[in-house]
Peer 1: 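Below you'll find the structure I mean.
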Amino acid sequence: MQHLLGADRVREPAGAERLAALTVVEPRSEAEIAELVRKCESDRLTLAPINTGRLLATIRREPVVVGVALNRMAPVTAYEPDDMTITVQAGATLEAVNGCCAGRQQWLPADPPSPRSTTVGAMVAAARSGPFRLAEGSVRDLVIGIRFVGRTGRIVHGGGRVVKNVAGYDLMRVMTGSLGTLGVIT
């Protein structure tokens with residue numbers, strides 16, 4: 001993996017990650033994830049996205065060989081306060097997203113446990129909402145567009161940046177709660 005991403009982005013798992021993965025990689029882009037998926041498929045290595053590894057460790061019997069940590073993919077890429085839409089990479093934490101929106105008195109109405117460490121990708125992949133879902137809807141209801149790296153390293157996108165732009169297969173609902181089994185949400 002070091003030859004694909006560099007030695008500084010391949011590391012030993014820490015904490016709960018040890019129960020989820022044997023090696024942790026930290027890609028910076030979708031292209032790197034796509035290359036990683038292709039390499040793991042050709043070498044027949046198990047791969048799964050991880051946040052802190054807590055959930056993955058509870059649903060798998062044994063750790064995956066390669067855990068993909070998306071913490072280096074964290075920026076907000078677009079924020080349209082008038083449209084009340086925000087586009088973020090999967091490694092952005094809920095706290096960072098809400099911090100970006102706070103100046104306009106806006107926030108993402110989701111309240112999973114540990115907003116400081118819960119990334120948007122993990123929140124969507126695990127469908128982690130919290131009590132606000134009763135009034136504001138679940139995470140599944142909030143996502144209007146999604147990008148992920150699927151099988152063979154293919155980059156897939158569904159939906160759009162505004163509600164009226166959304167047509168075709170509802171990939172957002174399929175990916176929400178998929179726990180990384182269908183692809184790595186980016």
Side-chain angles (χ1 to χ4, degrees), residues 5 9 11 13-17 20-21 23-37 40 46-60 64 66-79 85-101 107-130 132-133 137-151 153-161 170-186:
L5 301 178
R9 291 189 284 143
R11 62 179 173 79
E17 291 175 339
T23 303
V24 177
V25 297
E26 299 174 337
R28 289 190 179 126
S29 67
E30 282 179 328
E32 288 182 354
I33 296 171
E35 186 62 33
L36 189 61
V37 167
C40 286
T46 54
L47 172 138
I50 60 172
N51 184 22
T52 58
R54 292 182 310 246
L55 185 59
L56 186 61
T58 62
I59 62 173
R60 290 189 59 93
V64 294
V66 180
V68 181
L70 300 173
N71 52 315
R72 292 186 189 242
M73 294 180 61
V76 171
T77 57
Y79 173 46
T85 61
I86 189 165
T87 304
V88 299
Q89 290 186 344
T93 64
L94 181 59
E95 182 180 65
V97 170
N98 286 337
C100 176
C101 301
W107 58 288
L108 187 62
D111 58 341
S114 308
R116 282 189 174 153
S117 62
T118 299
T119 63
V120 172
M123 187 174 63
V124 172
R128 309 265 340 227
S129 291
F132 282 147
R133 75 183 179 283
S138 68
V139 170
R140 182 172 288 179
D141 301 320
L142 300 173
V143 179
I144 61 172
I146 198 161
R147 293 178 64 92
F148 63 93
V149 178
R151 195 162 158 8
R154 183 174 175 208
I155 297 172
V156 181
H157 58 91
R161 288 177 55 185
D170 198 350
L171 292 176
M172 292 71 63
R173 292 193 183 265
V174 170
M175 293 302 292
T176 303
S178 67
L179 300 172
T181 59
L182 304 174
V184 179
I185 296 172
T186 57

Peer 1: Please tell me if the side chains of V25 and L36 come closer than 4.5 Å, counting only heavy atoms from C-beta onward.
Peer 2: yes
Peer 1: Write down the atom of C100, the atom of I86, and the distance for their closest heavy-atom approach.
Peer 2: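 Smallest heavy-atom distance, with atoms named: SG-CD1, 4.2 Å.
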Peer 1: Enumerate the residue pairs fulfilling salt bridge (charged side-chain N to carboxylate O under 4.0 Å, His left out) with a member in residues 177-186, sequence neighbours excluded, ordered by first and then second residue.
Peer 2: none
Peer 1: Looking at P27 and A69, what are the two nearest heavy atoms and their distance?
Peer 2: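 Closest approach of P27 to A69: CD-O, 3.5 Å.
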Peer 1: For T186, which residues count as a side chain to side chain donor-acceptor pair (under 3.5 Å) partner, sequence neighbours excluded?
Peer 2: E30
Peer 1: Can you list the residues that meet the side chain to side chain donor-acceptor pair (under 3.5 Å) rule with T23, with sequence neighbours excluded?
Peer 2: none
Peer 1: Not counting sequence neighbours, list each pair that qualifies as a salt bridge (charged side-chain N to carboxylate O under 4.0 Å, His left out) and has a residue in residues 68-79.
Peer 2: E26-R72
Peer 1: So which pairs with a foot in residues 112-122 pass salt bridge (charged side-chain N to carboxylate O under 4.0 Å, His left out), sequence neighbours left out?
Peer 2: E95-R116
Peer 1: Evaluate the side-chain proximity of L108 to C101: yes if any heavy-atom separation is below 4.5 Å, no if none is.
Peer 2: no
Peer 1: Check salt bridge (Lys or Arg N to Asp or Glu O under 4.0 Å) between R154 and all other residues, then give those that pass, not counting sequence neighbours.
Peer 2: none
Peer 1: Which pair of non-hydrogen atoms, one from L171 and one from G158, has the smallest distance, and what is that distance?
Peer 2: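 So the minimum-distance heavy-atom pair works out to CD1-CA, 4.0 Å.
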Peer 1: Less than 4.5 Å apart, side chain to side chain, heavy atoms only: is that true for I146 and V174?
Peer 2: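 Sidechains of V174 and I146: no contact.
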Peer 1: P115: what forms a side-chain contact (heavy atoms from CB on, under 4.5 Å) with it, not counting sequence neighbours?
Peer 2: L94
Peer 1: First locate atom CG of D141, then atom CZ of R133, and finally report the distance between them rounded to the nearest 0.5 Å.
Peer 2: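 Between atom CG of D141 and atom CZ of R133 there are 11.0 Å.
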Peer 1: Minimum heavy-atom separation for Y79 to T85, with atom names?
Peer 2: CD1-O, 3.5 Å
Peer 1: Do any N or O atoms from the side chain of T87 and from the backbone of T77 form a donor-acceptor pair under 3.5 angstrom?
Peer 2: no
Peer 1: Going from CD on Q89 to OG on S29, what distance comes out if it is rounded to the nearest 0.5 angstrom?
Peer 2: 8.5 Å
Peer 1: Not counting sequence neighbours, which residues clear salt bridge (Lys or Arg N to Asp or Glu O under 4.0 Å) with R9? List them please.
Peer 2: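 Expected list: E32.
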Peer 1: Which atom pairs, donor and acceptor, lie under 3.5 Å between side-chain atoms of residues 175-185 and protein residues at least two apart or in another chain?
Peer 2:
{"from": "T176", "atom 1": "OG1", "to": "M172", "atom 2": "O", "distance (Å)": "2.6"}
{"from": "S178", "atom 1": "OG", "to": "M175", "atom 2": "O", "distance (Å)": "2.8"}
{"from": "T181", "atom 1": "OG1", "to": "S178", "atom 2": "O", "distance (Å)": "2.7"}

Peer 1: Quick one, R128 with D111, criterion salt bridge (charged side-chain N to carboxylate O under 4.0 Å, His left out). Give me CA distance, side-chain angles, the key distance, then yes/no.
Peer 2: CA-CA 8 Å; R128 309 265 340 227; D111 58 341; over 6 Å; no
Peer 1: Step by step, would you call I33 with L70 a side chain to side chain contact (heavy atoms under 4.5 Å, CB included)?
Peer 2: CA-CA 10 Å; I33 296 171; L70 300 173; 3.6 Å; yes
Peer 1: Quick one: salt bridge (charged side-chain N to carboxylate O under 4.0 Å, His left out) pairs with a partner in residues 117-127, sequence neighbours left out?
Peer 2: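 Sorted result for residues 117-127: empty, none.
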Peer 1: Search all heavy atoms of A92 against all heavy atoms of A74 and return the closest pair with its distance.
Peer 2: CB-O, 3.1 Å
Peer 1: Do you know the tightest heavy-atom contact between A110 and L142?
Peer 2: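 Taking A110 first and L142 second, the nearest heavy atoms are CB-CD1, 4.4 Å.
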Peer 1: Roughly how far apart are I155 CD1 and F148 CZ, rounded to 0.5 Å?
Peer 2: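 That separation rounds to 11.0 Å.
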